[in-house]
Structure formats: C-alpha cells, structure tokens
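Note sheet for the following structure.
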4 protein chains.
Amino acid sequence: MTDTNKKSQGRPRSTQAHQAMLQATLELLAEFGFDGMSIDAIAVRAGVGKPTIYRRYSSKEELVADAIESVRQDVVIPNTGNLWDDIDELIQNAAQITLSPLGRKTVAMIINSASNNSQFAQIYCTKYLQPRKQAFAVVLERAKARNEIQADLDPGLVFDTMSAIMLYALIFQPTPESWEAYVRRALRLCIS
Amino acid sequence: MTDTNKKSQGRPRSTQAHQAMLQATLELLAEFGFDGMSIDAIAVRAGVGKPTIYRRYSSKEELVADAIESVRQDVVIPNTGNLWDDIDELIQNAAQITLSPLGRKTVAMIINSASNNSQFAQIYCTKYLQPRKQAFAVVLERAKARNEIQADLDPGLVFDTMSAIMLYALIFQPTPESWEAYVRRALRLCIS
Amino acid sequence: MTDTNKKSQGRPRSTQAHQAMLQATLELLAEFGFDGMSIDAIAVRAGVGKPTIYRRYSSKEELVADAIESVRQDVVIPNTGNLWDDIDELIQNAAQITLSPLGRKTVAMIINSASNNSQFAQIYCTKYLQPRKQAFAVVLERAKARNEIQADLDPGLVFDTMSAIMLYALIFQPTPESWEAYVRRALRLCIS
Amino acid sequence: MTDTNKKSQGRPRSTQAHQAMLQATLELLAEFGFDGMSIDAIAVRAGVGKPTIYRRYSSKEELVADAIESVRQDVVIPNTGNLWDDIDELIQNAAQITLSPLGRKTVAMIINSASNNSQFAQIYCTKYLQPRKQAFAVVLERAKARNEIQADLDPGLVFDTMSAIMLYALIFQPTPESWEAYVRRALRLCIS
DNA sequence: CGGTAAGCGAGACGGTACGTCGCGTCTTAAG
DNA sequence: CTTAAGACGCGACGTACCGTCTCGCTTACCG
C-alpha cells in the first residue's frame, strides 16, 4: 500500500539563511525603523537573495514579527512575597525591553501594525499578551492570598490597564518623571 | 527696515482646492489607511495637482494632521451634576469619534505617527490632549466639590489612564463587551 | 509483472529522462518560443530535475539544438525525371517542416541563434545545409544531363538563393500568395 | 461648438531624455547585444529613470527598434545610367550599414524579433523594406527603359530575392569571397 | 484698467523599493 | 553513483509612489 506521505522533499530550507535574515532584520529595524528599511537592504545585509525572504514571509510585517518573536524573552512570574515589589519587578522587566532603542522601535512597529491590521493585533494578543496576563494573574492571586488587595479585583482588567499605561507613556511621554515611576504611580490609582 | 511689506502678490491660494484636498485625504484615510494611500491618489481624488498639495504641506503626516484638525470637534465639558454621568458623556463623545471607520483609521494613524515620530507625538499632546485634559480636570474638580471623590486625586493621571485604556481597547479589543462598557469598567478601578 | 515499476539500481532512468526532456523541449519550443520558455518549465514538463538537464547541456541553445537534431528528417533526393517536378517536391518537403507551428519556431530559433552566434551558424551550415546542398546538386546535374538548364549554372549558388528565399518568405511573409507558390516563383527568376 | 480638442496637457516629454535613452540603447546594443543588455543599464547610462523609458516603450524590442529607426539612413535611388552600376551602389550602401559591428547586431536583432514576432516583422516590412522596394522598382524601371532587362521582370520579387540573399549571406557566410561579391553573383542569376 | 506674478491642473522627470521570475548551482533523500 | 525535488544567491523585470520640475492657463492684485 502506497502511503502517499506528504513528507518534505528536495533541499531543506537553510536555517543559516533564516537566522541571517532575522538578525539583519533586527539590526536594520533598530537602525532605520520599520518604514526606513527595505527588503533589499535586509537581503544584502543577510547575504541572502530576496526570493529567499519572500519564500518564507509574504510581507515585511510578517518578517519583522517573526524576528521579534525570535528574540523574545520568557515570561517571568516574580514572587518576592510583596505585591508592589512584584509589580516593580514586572515594570523593571518591561522597562528593559521597551526603553532600549530597539525596544522603542519594536513597540512602535507593533502598535503600528496592530492599529492598522486587526489580525496582527489578535495574533499579538494571543502570542504575547495572553501569557503575560496569566502570569500577572498569578501575582495578583498571591497578593489576594496575603490580603494585600481586594478579593474581587479583576486581574485581567488590571493587566490591561497596566499595559495600556505602559504603551501610552512610551508613546506620549506625558511627564518629565521616569517611565517606570510614572507607570507605578498610575498603577497606584487602580490597585487599592 | 524696508516698509515694502512682503504681502501676497499674484493669485491667492484657492480655498476650494484646499478644501477638496482635505476632504479627499479624509476619505482615502478611512478607505485605505495612512500607509495605503498615496499623495497621487489624494491629488486625483481632489482634482488637484500634486504641487498644489506640496506647496501647502511638506509631508503626508502634515497633510493628514491638518485634515484631522479640520474636522475636530470642540472640547465639551459635561456638567450633569454627577461624576459618572459626566464620565459617561465623555466616553460617549469619544466613542462617536473613535468607533466610526474613519475614526478608527484616524486613531491608528495618530498612534502610528506618534510612536514613530516623537515630534508628532508632542504636537498631538499639545494640540489635542492638553485641552481635553484641562476639561477633564474641571469635571473632577466639580466632583471633588461634591465630595464624590478624594481631594488628592491627580486629575492629569486619571485622564492619562482613561486615554490609555481607550486607545488600548481600540487597538486590541481585549473583550467581547462593548468598547464603552469596557472603558467604564476600567475607570471604575481608578476612581474610588 | 514480475517486479516493481521502479526497476533497478545504478542509473536506470537515464535514456528515459533524456527522451522526456527532449520531448518537453520541443513542445515548449512550439508553444512559447525560444525566449518564452524556461529551463524550469522544461524540467517540470519532463518530470526531470534541473541538474539532470544541466548535466547534459550547458545552455538552452545546446539543449534545443539537440532536441531539433533528434527529430530531423533524412535528406531526400527527388528524381521525377523533370527538374521542376523535382524542385516542387523539395519545396513541398521543406514546407512540411517549416510551415508547422513547431517548424516556424524551430526555424526562428535557428536563425536567431545563427545571427547572434556565428559558431552556431557554421555548425548548422555543416550539419544541416551542406548535405542538402549536395543533394540539390545531384538534382541539378540530372537536369543538366537532360539539357533542361545551362551547364554552367552554379548549383551551390542556386541552392543558397533558394534557401535564402525560403527563410525570407517565412519570416516576412511578403505576399498573400502561398509560401510554396512564392518560393517557386522566385526560383523561376534564377533558373532559366 | 464643443470641439473636445485632445491637446497636450502637463509637462511635455523631454526630448533630451528621449535622445539620451536612444543613444544609450545603441551603445549598449553594440557593446553587449540585445539579450545582454538590461533596461536598468540603459536607464543608468542615459541618466534617466526606468519609468521614463517604460512611459515611451512597452518592451525592449520597441525601444531598440526606435533607436535603430532614429539613426537610419535615407533611402537612396542611384542613377548611374547603367543597371549594374546602380545595383553595385545599392550593395555598397547596404554593406556600409550591415557589415559594421553595430550593423551586424542590429540585423541580428531585427531577424530575431521578426522571426519570433510576426507583428514586428510586418512593421519592419512596412517601415523599412517597403520604401527600399519602391526605390529599387524605380531603378529597374529605368533599366527597362534602357532595354537592359526584360519588361516583364517583377521588381518586387527581385528586390525580395536580393534582400533574402543579403540576409542569408550575412548570417551564414557561405563562401570565402566578400559579402558584396557574393550578393552580386547571386543577383546575376536572377537578372537576365 | 491692464500688466504681471503667483497659483492652478496636468503630467513628465530622476529615483527608490517593490514583489516576481528565471538563471545556473547546491543540497537533500531515495533508489 | 544518479535521480527528482526544490532551496539557494543573483540579478533583471515591469510597477507604484515619491517629491520636484516644467508646461500653458487662469485669476486677482497693484501700479
């Protein structure tokens, strides 16, 4: 019986070329920004043919999204024994990612793509935000167990508010104080 | 100094052409989005030559900013005698603007531009957010006078949080409930 | 059937693959022309890998030349006892080859290659034209023996003129009359 | 009356750019040949944008045809008082054009395009061959008037035969004698 | 009130980047 | 070993916009 197995034939895709194009993408993203970088430039920097990029990704958005995905940090669940210390750790963690030049560009790109393309927004929610929301829920559960906050506090809503404030502060820089301090102050409003 | 004042000579700029290009810009912004629309297309739609556009604006951002400016509503300061009714009115007002197809695109464009271009972000803060922040402060002052909220509540911070949540909910649509209800629920966290 | 369809080890498909690629080449030559056909398309149509083609031929010209070679007819020497009947037979014979869709493309390719590449032109002269020139010389000798034409007529020159007119009429289609009739009429000029 | 006159609006096409691209085309045609030259290279050499070329011509063939057209010599009608002197002059004239390096490339390109594209062949017949055919007819008429040739000789057919021989000799170089001598000898066959 | 200078629609310009296609080479797994 | 499959680096293709530059025509002001 011929099991018409749809297994991969031919030369497999080069992981080396793939890595090179992701690396080049990140470099150029940080250097010139999303709009300022061309696929040609990525291909040249990576030492790769343009079709090799288009074979994997059908748009710059996809490519950049995957490049970001490839360097994303694991989710951390701080557990200091105190809610606000946990939150400070989360804020510090977010600050490390978002306050670097690359981080700012990355966030801008994500917001840009998400606001123009709701499909991208959903993907980002599912792949990036959801795991962090669950990690944050754990933090709040522990705080509830320690009676630091009210038991009926909606962890998802608080997480969304925190994320919202983080992005807002990143984009509009509303006060001269530090991003971390500002985010912390805004969270004070929401949590007891 | 030369008293020969450099007043306008020759044919003055056509207000008709100006109106047409702003209108066309808004239509195409709603139809194709910021990145998806071309200056050529705006010129054709408006029945206007490209140089006529570039004589007035030196970039797509400027043109679009002015087009948005031209249809912006006046700031309203609700005064129902009750804080949450005032807030509901503000939310409704924001919803009317942001939940239309044009509104969504507009917001997307603003966020996009602001996140890529901090100068644009500052202009937007100054010209759009600041007046609304002051109006909101009035609303909160009245509520404080009615003892509905604590006297030490920072109105600017609350406004920022509200704005942040509005944008976040608009971009990521985190829950199936209505945008207005979601924003209201998040605000409940912050205000007493 | 005693064994599997896919027989053997070592090099079982060599001639089969070769035949397939020649056949595919001829089909695509007739369908899309020399410039319009790609090596990729030939490989796919023949069910053959591209390297299998490049192992045999180092250029499209070579491959096509061999494909044409593989279907070439033998030289015929008509002998009706009358010069113009002999010539008519030669013209008919040429018409069969050149007036088919494949034939036209083939001739176009040969002329193309010959006019760009004098080496190819010499090869074509030697391998294709020379035998026919000699056959034609035999026909004219017989006619001279029958006193149908002058004894000092240069057979090579007449053959060249005939070939030239055939190609010219094929390319430029100068008159609405049939190709055969036109060629015959032109030959009447040259031969008595 | 509403004479919807289709007059030229907007900036007129630059004759300077046009000249530059034709010149660059001829240079690159002689340097690299038809297949070996790219539109990009023409654009760069001419100091012209690619779209400026494509605005005028929709294919390389068209561009090259026009470039050749632009340097083509006027039709000459020799009138020495003797048929064979007239013919020799025509042959010399043709030799000057076709035996130069550029001339050979040009002829190759024309034959190539004509044999692959019957539309191009028709255009070439009409724009190039037809005027020369008529000029040749005048030469033969004069010879008839001088009783040098038979009155019923078809001038078009003789012209076609001459053209055919010229092309054939150019492509296949059938004899070691000079091109001019060979063409002359072949014509001797046809004209009494 | 007539000249004139700026503005106008139209559209061509030199460029840049796009996404696709075909080339000829290479790298697999299967036989 | 060779084969079929197919990815690879390369580079040309033809298109879409960019922002600028002529054109020939209004049109409103200023002398």
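Proteins get letters first, then strands, A, B, ... in listed order; numbering begins at 1 in each. Values reported hereafter were calculated over all heavy atoms of this structure, with side chains retained and with hydrogens, waters and symmetry mates removed.
- As rounded to whole Å, 9 Å separates atom P of dG14(E) from atom CD1 of Ile53(D).
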Letter per nucleotide, 5' to 3', of nucleotides 12-19 of chain F [B base touched, S only sugar-phosphate touched, - untouched; heavy atoms, 4.0 Å]: SSBBBSSB
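- The distance from the NZ atom of Lys50(B) to the CD1 atom of Ile53(B) is 9.0 Å, given to the nearest 0.5 Å.
- Within 3.5 Å, a donor on the side chain of Arg11(A) pairs with an acceptor on the base of dC26(E), or the reverse.
- Counting heavy atoms from C-beta outward, Ile42(C) and Leu63(C) have side chains that approach closer than 4.5 Å.
- Between Val48(B) and Gly49(D), it is Val48(B) whose nearest contact on DNA chain E lies nearer the 5' terminus.
- The CZ-C1' distance, from Arg13(D) to dC21(F), rounds to 16 Å in whole Å.
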If you look only at distance, which donor and acceptor atoms sit under 3.5 Å apart when one is on a side chain in residues 15-22 of chain B and the other is two or more places apart or in another chain?
| from | atom 1 | to | atom 2 | distance (Å) |
| --- | --- | --- | --- | --- |
| His18(B) | ND1 | Arg56(B) | NE | 3.1 |
| His18(B) | NE2 | Tyr57(B) | OH | 2.7 |

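- Dashed line: the shortest gap from a side-chain N or O of Arg56(C) to OP1 or OP2 of dT3(F) is under 4.0 Å.
- Remark on DNA chain F: of its neighbouring residues Thr52(C) and Ala46(A), the 5'-side contact belongs to Thr52(C), judged by nearest-heavy-atom nucleotide.
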What's the verdict on side chain to side chain contact (heavy atoms under 4.5 Å, CB included) for Arg45(A) and Glu31(A), showing C-alpha distance, side-chain angles and the deciding distance? CA-CA 12 Å; Arg45(A) 169 89 60 121; Glu31(A) 220 167 312; 3.2 Å; yes
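- Contacts of Lys60(A) classified as salt bridge (Lys or Arg N to Asp or Glu O under 4.0 Å), with partners at least two apart in sequence or in another chain: none.
- Under the ring-ring contact (aromatic ring centres under 6.0 Å, His included) criterion, Phe34(D) pairs with no residue at all, not counting sequence neighbours.
- For Tyr128(B), the ring-ring contact (aromatic ring centres under 6.0 Å, His included) criterion is met by Tyr124(B), not counting sequence neighbours.
- In this structure, CG in Leu28(A) is found 10.0 Å from CD in Gln23(A), a value given to the nearest 0.5 Å.
- Residues of residues 18-32 of chain D having a heavy atom closer than 4.0 Å to DNA chain F: none are found.
- For the pair Gln16(B) CD and dT27(F) P, the interatomic distance rounds to 10 Å; values are reported in whole Å.
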